[in-house]
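Quick notes on the structure that follows.
Sequence positions, counted from 1, serve as the residue numbers for this chain.
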Amino acid sequence: MVETSVRAKAAVEVRGLTVRFGSYTAVEGVDLEVGEGEFLALVGPTGCGKSTLLNVVAGLLPPSAGEVYALGEPVGGPNRKAGYLFQQDALLPWKTALDNIAMGLVFRGVPLREARNQARPWLERVGLARFGDRYPHQLSGGMKKRVGLAQVLITNPRLLLMDEPFSALDVQTRHLMENLLLELWQEDRKSVIFITHDLEEAIALADRVVVLSAGPASRPIGSFAIPLRRPRDVAEVRLTEEFLGIHQEIWSLLRGEVQKSYAQQG
């Protein structure tokens, strides 16, 4: 595997991970580390096992072989040190924005009144101070993503897992959400694993981008440090020569895997 970064102390360690679904091998022999405070993006063609890998780290899917450690402890069930933001909204339609944020704490045993008190500042932090009494059907797609992000972050997870959380948003809203994520992340630098099909998004957000091979039996084949200065504006950084050079370097590897994936589907 191509390696161009120096790793910090590991928050996540994946050793020899293999996941099979019947006779199909999704990922095989995966070794991967995520440093404490590192923002790692995983990219790869459709069906390469990105979400499978994330679900194993989250403790939602048992490995067929190999080991996974989060913050030095083996993952053998739901990873309570991790917060998970899914591609689809996970909001309760009968709860207001305030109560949906509070649910992140209620599900962990915090009394509702106390959870609401802690949720109110989060409404302001994600720019929804005036919308706490709105229900999900009364919110735009971007607003719902803000609620979902606050719902996860209010529990103060040390590890943040994100599975293409902004893919359904329009370009402008997506950029706003990416900048909000970076703003909140930079406050305490949680360890992040961010899955995306969008190489530009990966580069704009991450400290390091890892490329997965086409499936089946996918594995990491490239790891690229992203030396772009922080703080970043995700729209502006895309226009720099440095960004374009990094994109060309990673795409030269990723392109072949995308072509393999399309050939297998044909």
To the nearest 0.5 Å, tell me how far [X] [atom1] sits from [Y] [atom2].
X	Y	atom1	atom2	value
L159	I193	CG	CD1	5.5 Å
M143	K145	CE	NZ	15.0 Å
F224	I250	CZ	CD1	5.5 Å

Residues 97-111 vs side chain to side chain donor-acceptor pair (under 3.5 Å), sequence neighbours excluded, gives D99-R116
Between [X] and [Y], is any side-chain donor less than 3.5 angstrom from a side-chain acceptor?
X	Y	answer
T173	D170	yes
D133	T96	no
E201	T196	yes
S191	R158	no
Q87	S167	yes

Notebook entry, point to check: Is the number of heavy atoms from other residues, nucleotides or ligands within 6.0 Å of CD (E187) greater than 12?
Noted result: yes
| Would the number of heavy atoms belonging to other residues, nucleotides or ligands and lying under 6.0 Å from CD of E124 be above 12? | no
Side chain to side chain donor-acceptor pair (under 3.5 Å) filter on K144, not counting sequence neighbours, yields none
Could you check whether any side-chain N or O of S64 sits under 3.5 Å from a backbone N or O of R20, counting only pairs where one atom can act as donor and the other as acceptor?
yes
Below 30° counts as parallel, above 60° as perpendicular, anything between as tilted: where do the rings of W185 and F39 land? perpendicular
